[in-house]
Amino acid sequence: MRETPAPPVYSTPDEAARVGRPVGANGRWLERSLAAVWHPCTQMKQHEALPLVPIARGEGAWLYDFDGRRYLDGVSSWWVNLFGHANPRIRSAIVAQLDELEHVMLAGFTHRPVVELSERLAALAPGHLGHAFYGSDGAAATEIALKMAFHYWKNRGRSEKTHYLSLAGSYHGETLGALAVTDVRIFRDTYAPLLNRNLTVPSPDARGAKEGESARDVAVRAAAALEAHLARHHDTIAAFIVEPLVQGAAGMAMYDPHYLLLAREICTRHDVLLIADEIMTGFGRTGTMYACTAAGIVPDMICLSKGITGGYLPLSCVLSTDAIYAAFYADEVERGFLHSHSYTGNPLACAAALAVLDIFRDDDVLNTNRQKSGRWTALAAPLAAHPKARDFRNRGMIWAFEVDTDRPDFARWCFAEGLARELLLRPIGRTVYFMPPYTMTDDEFALLAGRTREIVDAA
Ligand SMILES: Cc1ncc(COP(=O)(O)O)c(C=O)c1O
């Protein structure tokens, strides 16, 4: 017996067109997808009104559907495609690796790409974060960091440190451990009975500035709240996990780097590990290779994923300090970090990541981006000045603003309006943001900003 009714399948293009579905090749892929694929982060029923977009191929900053329509990827496809789609250099690195070694388990074995990648990620990191532990997606990196933090303290005789602290509005992924340190209601509330107790402290989000306060004042005020919390509860807290400089899912909440400097000092003083979740901010997104560098701090662990392979293959990584590594190095097996995933350190994914690092080095990407960021902010000036745009802000290669609108369905409406204008926009609530591939051209960015302005006009 089929308990869930299957989505309707329209046998002819005419029938599909009659109920407002796309027709042609797009329509066929859409129907097959609705019948067979359960899509992420989606209430599937909403696709009755807002059709899926079947994508046939990508090139540079553009995605193309099966019927020849195109979409400018303004969000780097969930923040991963740093160097656009179908990047020939990443592609050839993967093809070359295919001829050498596609996979070998990483327990008991090692290989060239994983060694070289670990060395290079550590060399780019602030301080000495020389021990790379691999997972696949971002949430896996969060899980690794959380387990490692607890186990670190347990190995040091502090097994009462069983809690974690995160910022209000934080997002660290959606597996149960990561969700426990995530503070976004729509993702969290349903599963709350399954989650460990969540402790949050106020975010330094600069939009929270009171009359006369600067972003730095907000940072100082939020750090005082962190200090007060840890002064009381540090005995039971293993780690403070934080998205450095920009809290993505909170609506691109940007804050003053001074907060991180203060947080580093407070965590050290209270024997609480500092985990920097750079899954979104890493790889140049906020202007420096890792966001922590801009604040001049060295966290105890850095979580990386998303841009690490430029959107080619799933890979994540946690870099940690010598002190953490040393706490696990012992004769007793159970003192070791026995966590594992089958695809840990997959050679193809590591080869893609090495190609990404080559592009950063060979194309002087951080400097080029610095200039692009200035030019693109100027191109977005008419959008920033729109009377319905609030708190227009920019850090590195991220631009965001809130739209003054009463539309309760604004995010979905704006997404659909974007598609109608050849744009891939994916607002978070009323926050519209751009997180373009670094390879986008000035003309393409001007088109992105200009057409988004038309949408804001109509909102
Ligand atoms: C800061 C941060 N941490 C963790 C994650 C989870 O990564 P993934 O979706 O790859 O599990 C995300 C994803 O958006 C993120 O932005």
Side-chain angles (χ1 to χ4, degrees), residues 39-42 73-82 133-149 164-184 186-188 191 195 198 200 203-205 239-255 259-260 274-286 290-292 299 301-319 339 341 343-344 346 349 352-353 356 395-398 400 411 426-429 431 433-435:
H39 290 266
C41 203
T42 301
D73 190 347
V75 299
S76 297
S77 282
W78 258 346
W79 320 346
V80 303
N81 282 74
L82 299 188
F133 196 103
Y134 290 90
S136 42
D137 292 280
T142 303
E143 297 288 339
I144 289 164
L146 296 178
K147 281 178 72 178
M148 212 177 250
Y164 305 100
L165 188 63
S166 60
L167 289 177
S170 57
Y171 182 91
H172 299 290
E174 299 190 40
T175 49
L176 291 178
L179 202 52
V181 292
T182 286
D183 185 43
V184 180
I186 187 76
F187 301 129
R188 193 193 144 79
Y191 308 99
L195 305 177
N198 186 39
T200 56
S203 162
D205 180 355
F240 176 41
I241 182 164
V242 65
E243 293 157 89
L245 299 186
V246 184
Q247 293 181 271
M252 300 302 149
M254 300 186 185
Y255 63 86
Y259 179 78
L260 294 171
L274 179 63
I275 302 170
D277 175 351
E278 297 241 15
I279 288 164
M280 186 272 277
T281 56
F283 299 100
R285 191 46 82 177
T286 61
Y290 302 133
C292 284
M301 294 181 217
I302 290 187
C303 301
L304 300 168
S305 189
K306 290 206 182 268
I308 191 168
T309 65
Y312 269 76
L313 288 161
L315 183 70
S316 62
C317 178
V318 177
L319 301 176
H339 186 97
H341 298 285
Y343 281 88
T344 291
N346 173 263
V356 164
R395 184 176 301 276
M397 298 300 272
I398 309 174
R426 210 180 140 91
I428 302 169
T431 306
Y433 70 90
F434 303 142
M435 215 189 274

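The residues of the chain are indexed from 1 along the displayed sequence. As the structure lists them, so they are numbered: ligands from 1, and atoms in each ligand from 1.
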- prompt: Considering only the protein, which heavy-atom contact is closest to atom 16 (O) of ligand 1, and what is its distance?
  reply: Trp79 CZ3, 3.4 Å
query: Of all the atoms in ligand 1, which lie at a distance below 4.0 Å from a heavy atom belonging to Met280?
result: 16 (O)
- request: Please state whether Trp78 comes within less than 4.0 angstrom of ligand 1, counting heavy atoms only.
  value: no
statement: atom 11 (O) of ligand 1 has as its nearest protein heavy atom Ala139 N, 2.8 Å
Qualifying residue for side chain to side chain contact (heavy atoms under 4.5 Å, CB included) with Tyr134, from Val318, Asn346, Ile144, Thr344: Thr344
task: Looking only at distances, please establish whether an N/O atom of ligand 1 is found under 3.5 Å from an N/O atom of Gly173.
output: no
message: Exactly one of Ser316, Pro314, Ser136 should register a side chain to side chain contact (heavy atoms under 4.5 Å, CB included) with Ser305. Which one does?
response: Ser316
message: I need the atoms of ligand 1 closer than 4.0 Å to a non-hydrogen atom of His172, numbered in the order shown.
response: 3 (N), 4 (C)
task: Using a 4.0 Å heavy-atom threshold (strictly under), name the region of Glu243 that reaches ligand 1: side chain, backbone, both or neither.
output: side chain
task: Please round to the nearest 0.5 Å and tell me the distance separating atom OH of Tyr433 and atom CD1 of Ile428.
output: 5.0 Å
task: Tell me which part of Tyr171 gets within contact of ligand 1: side chain, backbone, both or neither, using heavy atoms under 4.0 Å.
output: both
Expected output: side-chain Tyr164 to main-chain Leu146 donor-acceptor under 3.5 Å: yes
query: Sub-3.5 Å donor-acceptor pair from the side chain of Glu243 to the main-chain atoms of Tyr171, do we have one?
result: yes
- prompt: Identify the closest protein heavy atom to atom 10 (O) of ligand 1: which residue and atom is it, and at what distance?
  reply: Gly138 N, 2.8 Å
query: Has the side chain of Thr309 got a donor or acceptor atom that lies under 3.5 Å from a matching backbone atom of Leu313?
result: yes
query: Donor-acceptor pair, Arg395 side chain versus Tyr255 backbone, under 3.5 Å?
result: yes
message: Tell me the protein heavy atom at minimum distance from atom 9 (O) of ligand 1, and give that distance in Å.
response: Lys306 NZ, 4.4 Å
- prompt: Within the structure, does Asp277 bring an N/O atom to less than 3.5 angstrom of an N/O atom in ligand 1?
  reply: yes
- request: Keeping the roles fixed (side chain from Ser76, backbone from Met435), state whether a donor-acceptor pair exists under 3.5 Å.
  value: yes
